Amino acid sequence: MKRILLFLIISFSLFLVLPTGAQSWAKKSANAVFTLKTFNADGSLLASANGFFISEQGEAVSSFAPFKGAHRAVVIDAQGKELEVDCLSGYNDMYDVAKFQVVVKKTQALPIASNAANGTAVWLLPYAVKKTPVCISGTVSNAETFGDGHTYYTLDITTTEQQVGCPILNEKGEAIGILQPSADKQSATGYAVSVQYANSLHMAGLSQNDPILRTVKIAKALPDDQSQATLALYVGASSMPTADYAQLVDRYIQKFPKATDGYIYRARLKAAQDDFKGADEDMKQAISVASPKDDAHFQYAQLIYQKVIYQSDKPYEPWTLEVALKESQAAYAANPQSIYRQQQAQILFAQRQYDAAYNLYMELAKDDQLKAESYYAAAQCKTQAGDQETALALLDSAVNTFTKPYVKTAAPYLLARAQALYNAKKYRPAVNDYNDYEALMAAQLTAQFYFLREQAEFAGHLYQQALDDIKRAVEMAPNEPMFRAEKASVELRVGMTDEAIETAKGCISIAPEDSDGYLFLGLAQCLKGQKAEGLQNLNKAKELGNSQAQSLIDKYGK
């Protein structure tokens, strides 16, 4: 009799935890559930949770929390087999849910159900190794809609902390939700976010900038949309460590083998690592798959040009300026854009073919959008050719493309003309340009700017302005001896001998091996009548190699 009673109790208990016909899907569905484990950089365990597959190709969902700070992740499937997590493909920190890809050829996956209504009978399918787990029954007490029609469930169900991430299934064995953490370690109320929502998660082009996602060191999937994936490449170039970025580029090429951007970005990476042969192969592949081909030719020319200009100490014979020019011409032949002519002019300038470059820049100056920068570049050609007068006239043309009050884009042309005017000994007009530049760039001005303007001011007999500017330069860069020496020189020239002595001493204190401090101190002391001390300092300046010292020694040593 006792045995019969025990059998009835066990049978009744199974009826409570298993839906009608549950035996038909529980055993099979259990193979879709796994344990997720994440690890620190040193290989130590970081966190763990449960999860399950939602596609036979290894796409899976779980909690997002275990991924924060993780450098590696694996899943332990229902057969006890360890599988590597390849990449994170979507996440939401607020709802603590993640979608990711597991490295597996084929696996059991749970079908995804539509939203469940209040009162719907549900079952939690726990993780179990090599056995059919006992499902836990419950009901939906509240189905709250959020986002684009997705559902957050409150459940009448008893769960434990160890079951977080497990699937919540309907009577058909379809996954409706992912079990969420609860405030109570064991509670009669459970919470789940819909699997439909988890499945909708994806990466966007700007996801790399998310500070939360940056804590995850596991690889991230690229967006399915090519334009968004290309944006991710662009963002990652400046925000990711080189090794991680190289992995991202390889993923892009694997996902979009007919897109040129992946090969171009990888070529840049290889060139930066002095693998010019590999970079060359990637650029040729980019041209091969490109349609149209003009941008690929342009990018190839630019890579060669930059290598020749900035990495000239690392020769690679196939890459020359002549090759770069041919690629740029091919780009223009395929699509006659001004940017390609600009590139050709830059290459010609680098080849010291100044007349040819000048002619191209003057042609480009006919375009209103390129007028100022083309006149400026043409001026550089004339400067290199030794025609300073024409160069200054071209800088006038560059500045005259703007009207007063000047906008900030005029600033570099004003600065260039100021320096050209100074070289032409037109000091006061140079000061005027420096003043206009200062008004536009007040927040970005450096000590070097005030030093340059002081030079023009002093040469233009604007002594008080010169003194004010050199004082400001010293204040902004107190450890730069050149500025202190210039200040001492100006003070001497305007008769401020005592001030010059103090300035020169300050120069010596910060640069005792620099001859200028001793030169100006010695000269000031001689002017002050302190010849013995002055000659001693002038001789020190001579010992340190100052070419002016001997003439002053001859003058004051009599």
Side-chain angles (χ1 to χ4, degrees), residues 22 24-38 48-67 73-79 81-93 95-116 120 122-128 133 135 140 143 146-153 155 163-180 190-203 216 218-224 255:
S24 66
W25 54 255
K27 183 176 181 179
K28 182 179 179 182
S29 296
N31 290 319
V33 186
F34 55 72
T35 288
L36 167 72
K37 294 184 180 294
T38 60
S48 62
N50 299 294
F52 52 95
F53 292 107
I54 57 173
S55 81
E56 293 182 347
Q57 290 71 44
E59 198 164 44
V61 293
S62 181
S63 301
F64 176 60
F67 285 97
V74 301
V75 303
I76 313 297
D77 68 11
Q79 302 305 311
K81 185 178 179 181
E82 182 179 295
L83 304 170
E84 196 79 18
V85 172
D86 179 57
C87 63
L88 188 67
S89 51
Y91 71 103
N92 184 280
D93 187 43
Y95 288 100
D96 190 24
V97 61
K99 184 169 71 170
F100 51 96
Q101 182 66 43
V102 176
V103 181
V104 62
K105 289 183 179 180
K106 187 176 182 181
T107 188
Q108 181 64 42
L110 295 178
I112 300 174
S114 56
N115 293 334
T120 300
V122 295
W123 287 266
L124 181 144
L125 180 62
Y127 170 68
C135 297
V140 175
F146 71 95
D148 296 327
H150 300 297
T151 308
Y152 192 85
Y153 298 102
L155 310 171
Q163 292 164 338
V164 168
C166 286
I168 303 296
L169 311 177
N170 62 17
E171 62 181 5
K172 296 179 182 179
E174 299 169 331
I176 68 166
I178 306 167
L179 188 67
Q180 300 275 282
Y191 304 92
V193 65
S194 73
V195 182
Q196 280 190 337
Y197 173 66
N199 190 38
S200 73
L201 296 173
H202 62 275
M203 293 294 178
V216 181
I218 296 167
K220 291 86 178 176
L222 281 159
D224 292 329
K255 191 165 189 173

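Treat the numbers as computed from the prediction; the structure is a model and nothing was measured.
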Rounded distance (nearest 0.5 Å) linking atom [atom1] of [X] with atom [atom2] of [Y]:
X    : Y    : atom1 : atom2 : result
K105 : E56  : NZ    : CD    : 15.5 Å
M203 : K220 : CE    : NZ    : 7.5 Å
F52  : C166 : CZ    : SG    : 9.0 Å
E171 : W123 : CD    : CH2   : 6.0 Å
K81  : T107 : NZ    : OG1   : 9.5 Å
S114 : Q196 : OG    : CD    : 6.5 Å

Tell me the closest heavy-atom pair linking [X] and [Y], and the distance in Å.
X    : Y    : value
L169 : W25  : CD1-CZ3, 3.3 Å
A116 : A143 : O-CB, 3.5 Å
A49  : S62  : CB-OG, 4.1 Å
A192 : L155 : CB-CD1, 4.2 Å
P133 : A128 : CB-CB, 3.8 Å
V195 : G177 : CG2-N, 3.3 Å

Taking D93 for the side chain and A65 for the main chain, is one N or O donor matched with an acceptor at less than 3.5 Å?
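Answer holds: no.
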For F53, what residues pass the ring-ring contact (aromatic ring centres under 6.0 Å, His included) criterion, not counting sequence neighbours?
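So F53 forms a ring-ring contact (aromatic ring centres under 6.0 Å, His included) with F34.
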Kindly write out the residues that satisfy ring-ring contact (aromatic ring centres under 6.0 Å, His included) with Y91, not counting sequence neighbours, or none if the list is empty.
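Y91: ring-ring contact (aromatic ring centres under 6.0 Å, His included) contacts with F64.
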With sequence neighbours excluded, residues passing side-chain contact (heavy atoms from CB on, under 4.5 Å) with [X]:
X    : result
S200 : H150, Y197
A73  : L36, T38, F67, V85, I218
A219 : C87, Q247, R251

Of all residues at least two apart in sequence or in a different chain, which pass the side chain to side chain donor-acceptor pair (under 3.5 Å) check with [X]?
X    : value
E84  : R72
N50  : none
D96  : none
E174 : N170

Under the side-chain contact (heavy atoms from CB on, under 4.5 Å) rule, what do V97 and L201 come out as? Steps first, then yes or no, please.
CA-CA 9 Å; V97 61; L201 296 173; 3.7 Å; yes
Check salt bridge (Lys or Arg N to Asp or Glu O under 4.0 Å) between [X] and all other residues, then give those that pass, not counting sequence neighbours.
X    : result
K255 : D224
K99  : E59
D77  : none

Do [X] and [Y] touch side chain to side chain, with heavy atoms closer than 4.5 Å?
X    : Y    : result
Y152 : Q180 : yes
I168 : I178 : no
I112 : N199 : yes
V75  : K37  : no
D86  : V102 : no
V122 : V140 : yes
V33  : P167 : yes
P126 : L124 : yes

